[in-house]
S.K.: 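Take this structure, written in structure tokens, and hold onto it; I'll ask about it next.
None of the values given here were measured: they were computed from a predicted structure.
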Amino acid sequence: MKNLNDIQTAIKTFATERDWDKFHSPKNLSMALSIEAAELMEHFQWLTEAESHNLDDKKFKEVRDEIADVQVYLLRLAQKLDIDILQAVEQKMEKNRQKYPIDKAYGSSRKYTEYVNNNDLDSE
């Protein structure tokens with residue numbers, strides 16, 4: 001099975017072989033990422049909650065492809081900005097643990113600002 005570094009290398013090679021690196025600025029990649037995320041959302045736009053859990057084969061494959069597109073652009077953006085995604089996720093999860101303590105967040109969809117005084121926490 002491939003790991004994250006293998007996938008990032010394959011994405012970089014794919015772009016290099018096509019001379020696309022010149023188009024892959026952080027600005028352009030972030031916009032492409034947003035567009036692909038919107039395309040993913042489009043597949044669920046008018047579905048009920050139940051329907052969104054039970055996609056037919058055609059819709060499932062389309063959603064899978066859109067998720068892959070989002071991931072490719074995200075990995076490429078991180079690569080361009082020299083961000084270690086695994087480290088960034090680990091650090092962000094620690095921030096989230098502080099923002100959403102189990103005793104206050106359990107079973108709640110409220111944003112942390114509604115129940116925690118976080119003047120010293122990063123709000124991102």
Side-chain angles (χ1 to χ4, degrees):
M1 176 170 243
K2 291 186 176 187
N3 63 38
L4 196 57
N5 288 332
D6 292 339
I7 294 168
Q8 282 187 293
T9 298
I11 293 167
K12 184 176 182 179
T13 299
F14 184 88
T16 300
E17 289 172 344
R18 286 153 183 81
D19 193 28
W20 288 353
D21 198 55
K22 60 189 169 195
F23 306 119
H24 288 180
S25 68
K27 177 191 78 70
N28 288 350
L29 290 167
S30 67
M31 286 196 271
L33 174 61
S34 179
I35 291 164
E36 292 299 338
E39 289 178 9
L40 173 61
M41 291 179 349
E42 188 176 27
H43 289 284
F44 295 98
Q45 185 174 9
W46 304 114
L47 301 181
T48 65
E49 289 293 322
E51 290 169 336
S52 73
H53 286 279
N54 297 298
L55 304 176
D56 63 33
D57 281 345
K58 180 180 183 292
K59 180 71 77 177
F60 177 83
K61 289 174 183 174
E62 291 170 349
V63 166
R64 182 184 61 197
D65 284 349
E66 295 301 344
I67 288 172
D69 286 341
V70 168
Q71 186 64 37
V72 166
Y73 280 119
L74 184 61
L75 288 169
R76 187 72 169 133
L77 178 59
Q79 194 174 57
K80 284 295 191 167
L81 294 174
D82 198 27
I83 293 172
D84 179 325
I85 288 184
L86 297 179
Q87 181 183 42
V89 168
E90 190 174 279
Q91 290 171 348
K92 182 61 178 176
M93 288 304 300
E94 183 52 40
K95 285 182 182 181
N96 287 344
R97 279 186 201 88
Q98 293 174 26
K99 288 179 185 179
Y100 296 96
I102 294 170
D103 64 324
K104 296 196 175 154
Y106 188 84
S108 173
S109 63
R110 290 181 300 160
K111 187 170 179 173
Y112 70 94
T113 54
E114 295 180 37
Y115 56 78
V116 178
N117 182 4
N118 279 311
N119 294 332
D120 60 340
L121 289 178
D122 191 11
S123 64
E124 295 179 35

S.K.: Can you list the residues that meet the salt bridge (charged side-chain N to carboxylate O under 4.0 Å, His left out) rule with K58, with sequence neighbours excluded?
M.R.: E62
S.K.: Given side chains that start at C-beta, do those of D19 and F23 come closer than 4.5 Å, heavy atoms only?
M.R.: no
S.K.: Would you say E66 and V63 make side-chain contact, with heavy atoms under 4.5 Å?
M.R.: no
S.K.: Would you give the length of the straight line joining atom NE2 of H43 to atom CG of L55, rounded to the nearest 0.5 angstrom?
M.R.: 9.5 Å
S.K.: Short question: side chain of S34, backbone of S30 - any donor-acceptor pair under 3.5 Å?
M.R.: no
S.K.: Just wondering, do K22 and N28 contact through their side chains at under 4.5 Å, heavy atoms?
M.R.: no
S.K.: Going through the distances and angles, do R97 and E94 end up as a salt bridge (Lys or Arg N to Asp or Glu O under 4.0 Å)?
M.R.: CA-CA 5 Å; R97 279 186 201 88; E94 183 52 40; 3.3 Å; yes
S.K.: Would you check if the side chain of S52 reaches a backbone N or O of E49 as a donor-acceptor pair within less than 3.5 Å?
M.R.: yes
S.K.: Does atom CG of D82 have more than 12 heavy-atom neighbours from other groups under 6.0 Å away?
M.R.: no
S.K.: If the condition is ring-ring contact (aromatic ring centres under 6.0 Å, His included), which residues does F14 pass it with, not counting sequence neighbours?
M.R.: W20
S.K.: If you count heavy atoms of other groups shown closer than 6.0 angstrom to CD of E51, is the number above 12?
M.R.: yes
S.K.: So, do E90 and Q87 sit near enough that their side-chain heavy atoms are less than 4.5 Å apart?
M.R.: no
S.K.: Looking at R64 and D57, is there a salt bridge between them, counting it only when a charged N and a carboxylate O are closer than 4.0 Å?
M.R.: no
S.K.: Taking the side chain as every heavy atom from C-beta outward, state whether K12 and L75 have any atom pair closer than 4.5 Å.
M.R.: no
S.K.: Indicate yes or no: at least one non-hydrogen side-chain atom of K111 is less than 4.5 angstrom from one of Y100.
M.R.: yes
S.K.: Check whether any side-chain heavy atom of D6 sits under 4.5 Å from a side-chain heavy atom of N3, and report yes or no.
M.R.: yes
S.K.: If I take atom CG from residue D65 and atom CG from residue L40, how far apart are they, to the nearest 0.5 angstrom?
M.R.: 11.0 Å
S.K.: Taking the side chain as C-beta and beyond, is there a heavy-atom pair between Y112 and N96 under 4.5 Å?
M.R.: no
